[in-house]
There are 2 protein chains.
Amino acid sequence: MSKLPSKLPPMSAVRVFEAAARHQSFTRAAEELGMTQAAVSYQIKILEDRVGAPLFIRLPRQVRLTAKGRQLAPAVTEAFEALRNAFEGVEEMVQTVLSITTLSTFASNWLVPRLGRFRQLHPNVAVQIAVATEIVEFTQSEFDMGIRSGTGDWPGLETHVLFPNQFIPVCSPELLRGVEVQEPIDILKLPLISPSDPWWQDWFAAAGVKNVDLSRRPDNSLGVQQFEGMAAIAGQGVALINPFFFPDDLASGRLVKPFDLLATTDRSYWLVYPKARRRSAKIEAFRDWVLSEVAGDSERTVAAHVKTAT
Amino acid sequence: MSKLPSKLPPMSAVRVFEAAARHQSFTRAAEELGMTQAAVSYQIKILEDRVGAPLFIRLPRQVRLTAKGRQLAPAVTEAFEALRNAFEGVEEMVQTVLSITTLSTFASNWLVPRLGRFRQLHPNVAVQIAVATEIVEFTQSEFDMGIRSGTGDWPGLETHVLFPNQFIPVCSPELLRGVEVQEPIDILKLPLISPSDPWWQDWFAAAGVKNVDLSRRPDNSLGVQQFEGMAAIAGQGVALINPFFFPDDLASGRLVKPFDLLATTDRSYWLVYPKARRRSAKIEAFRDWVLSEVAGDSERTVAAHVKTAT
DNA sequence: GGGCTGGCATAAGGCAGCCTTATGGATCCC
DNA sequence: GGGATCCATAAGGCTGCCTTATGCCAGCCC
């Protein structure tokens, strides 16, 4: 006798009732719902049994709501209208909002500067960018896509490689003035922005310089390539950066490469998203756009190399 | 691209989502809905596929709504609340309102005078009485029960006989004053309330009086036994009435029976209702009460006969 | 008035969707 | 570290729902 939430009747039957009440006709309700008239009749009967009273009076060639039916119909229609609105709102959000988790420098030095072009291509998609320093699990977050650095073996994810994780020392042209830098080892004459960055060891190794001890150098480590690049541009020292992130600064000469030697790694930057959602229109759109931008980068890089070669 | 009403997702899944969102837990939602946790997980996944985005983030030992889920949950809960209210309202109406179609005299001279006792027995049931002169089809109306006169062969209906349709001439004692009424045929010395009533023929036949011509008498026919009884009480003539309808008037002597001869018919009064709804509590209550009242009538009738016999 | 049409009811039958059981993984807690 | 809690997933069975087919009833039209 307590106030049990009085189990709701089967929702499928309620939905059929709603349509039938609106149309005052089982046949037309069946059409709207894409099922047969017999199915509507069946579902209405289910509901009437459940409620314990007829909801329609069966007249020749038509049905009419009973008092109980009339009491029920407006509330049910209203409730379904609310549900429809709610789901439409969410579905619009699903289609138009694309949230992506990225790495800091990728966001600031690659993605954000280009986003305007994506907006022009897809004005109906709003991109929400979240910067994360650690890899974000899709199962434990609500991002649609992600930019990651790694080797690309993430089970369950669709992956697209963007460009390699490679490093080259850069600095401002002013920093080199008056300093003789002929061999890679000469770099050590200059201040390093992040001497504790392990990739320095790799670069020196690639340059044939062994046993470099950087541990005693003052560590100004900024942690984020973007800031290291900015520090280098400001003449504060030599930074080890990924040239993909500083194309304009390299092209304009704000940053110069004392040596054309790249330290490569086994890691790359990847665009990833859950395999299960690879069919989503907004995800396809963003993926295609990112890949086309990357392709443009490569062309420009090739062009730059050609120019350098001449 | 037009504004299609964007098909709603399966309602069963929505209902599960509503409970899960409220509890922030699949397990507790399953308990509420009386199903297993696996079923909840399954239905949520259905809905997420349908919506195209996750609605819950799966965290260790708990789930949390995503932004989309949070957008959806309140509206869905509200809609279901409205549905619950609507169905509760109707169900209360179903349980507490009993509508019955009756014959006019049965209502005025039998049912209404006794209804107070039913109300005392079942204060939570409100009886709505509708008087109809013709038989009302249950399939084309919304009555719970009916009082009918007939032979009781109505397919699909549960029937309970109440009392026979039988007739006896009655009049006010004043009408007999100074008139010699020894034999049935003497009735003809008195004015008849409804001489065109065919049952008069049957009564005279039962009394052994043949070929009575009442066609030339003025027809004051009132059509309704109740009124005919009232006219008789007022001394306007002899009425042919069913004694079950005038127990008090007969007991008090406001109406007297010149002869103790009943004209019987093959018809009776019946309490009927659709077989399909025979389990309804209010119907059972009303049926039991009516039958007990009828049983009381019979006892009183027997008592009266005994008294007459002594 | 007889055929035709439109609308709902009902029976039979088949398939799919839903639910259950069982298990595994992950984390929290004692 | 072991147990408990909570969710995901696979396998499998059953039931519920939908379809097809048919019937009935009443109105309509020629």
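Because the structure is predicted, anything quoted here is derived from the model rather than measured.
To the nearest angstrom, P of D/dC6 lies 19 Å from CD1 of B/I57. When the C1' atom of C/dC19 is taken as reference, atom CD1 of B/I44 falls 15 Å away, rounded to whole Å. Rounded to whole Å, the distance from CZ on A/F56 to C1' on C/dG7 is 14 Å. Straight-line distance from the CD1 atom of A/I46 to the P atom of C/dA9: 13 Å, rounded to whole Å. Between the CG atom of B/L59 and the C1' atom of D/dT5 there is a distance of 15 Å, given to the nearest Å. Rounded to an integer number of Å, the gap from A/Q24 CD to C/dG7 P is 14 Å. What separates CE of A/M11 from P of D/dC17 is a distance of 12 Å, to the nearest Å. If you measure from atom CE of B/M35 to atom P of D/dT15, you get 17 Å, rounded to the nearest angstrom.
Residue A/E78 places its CD atom among 12 or fewer non-hydrogen atoms of other residues, nucleotides or ligands, all under 6.0 Å distant. For A/Q24, the CD atom is densely surrounded, since the number of other residues' heavy atoms within 6.0 Å is greater than 12.
Under the side chain to side chain donor-acceptor pair (under 3.5 Å) rule, B/H23 has a single partner from B/R28, B/E18, B/E32, which is B/E32. The one candidate from B/V294, B/N242, B/V161, B/T105 that meets the side-chain contact (heavy atoms from CB on, under 4.5 Å) condition with B/Y269 is B/N242.
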Handout entry: B/S268 vs B/N165, side-chain hydrogen bond (donor to acceptor under 3.5 Å, both in side chains): CA-CA, chis, key distance, verdict
Key = CA-CA 4 Å; B/S268 297; B/N165 218 351; over 6 Å; no
Exercise for the section: Applying side-chain hydrogen bond (donor to acceptor under 3.5 Å, both in side chains), run through A/T151 and A/D266 and close with a yes or a no. Expected result: CA-CA 7 Å; A/T151 53; A/D266 61 344; over 6 Å; no
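Taking the ring centroids of A/H160 and A/Y273, they lie under the 6.0 Å cut-off. If you look at B/F138 and B/F143, their ring centroids are not closer than 6.0 Å.
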Nucleotide N/O of nucleotides 25-30 of chain D paired with protein N/O under 3.5 Å:
none

List, with names and distances, any nitrogen or oxygen atoms from the protein found under 3.5 Å away from nitrogen or oxygen atoms belonging to nucleotides 8-11 of chain D.
from: D/dA8; atom 1: OP1; to: B/R58; atom 2: NE; distance (Å): 2.2
from: D/dA8; atom 1: OP1; to: B/R58; atom 2: NH2; distance (Å): 3.3
from: D/dA8; atom 1: OP2; to: B/S41; atom 2: OG; distance (Å): 2.7
from: D/dA8; atom 1: N7; to: B/Q37; atom 2: NE2; distance (Å): 3.1
from: D/dT9; atom 1: OP2; to: B/K45; atom 2: NZ; distance (Å): 3.2

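Looking at B/E48, its side chain does come within 3.5 Å of a backbone N or O of B/F56 through a donor-acceptor pair.
Contact check, B/T27 against D/dC7: a side-chain N or O comes under 4.0 Å of OP1 or OP2. In this structure, B/T36 does not reach the C/dC19 phosphate: none of its side-chain N or O atoms is under 4.0 Å from OP1 or OP2. OP1 or OP2 of D/dC18 lies within a sub-4.0 Å distance of a side-chain N or O belonging to A/Q43.
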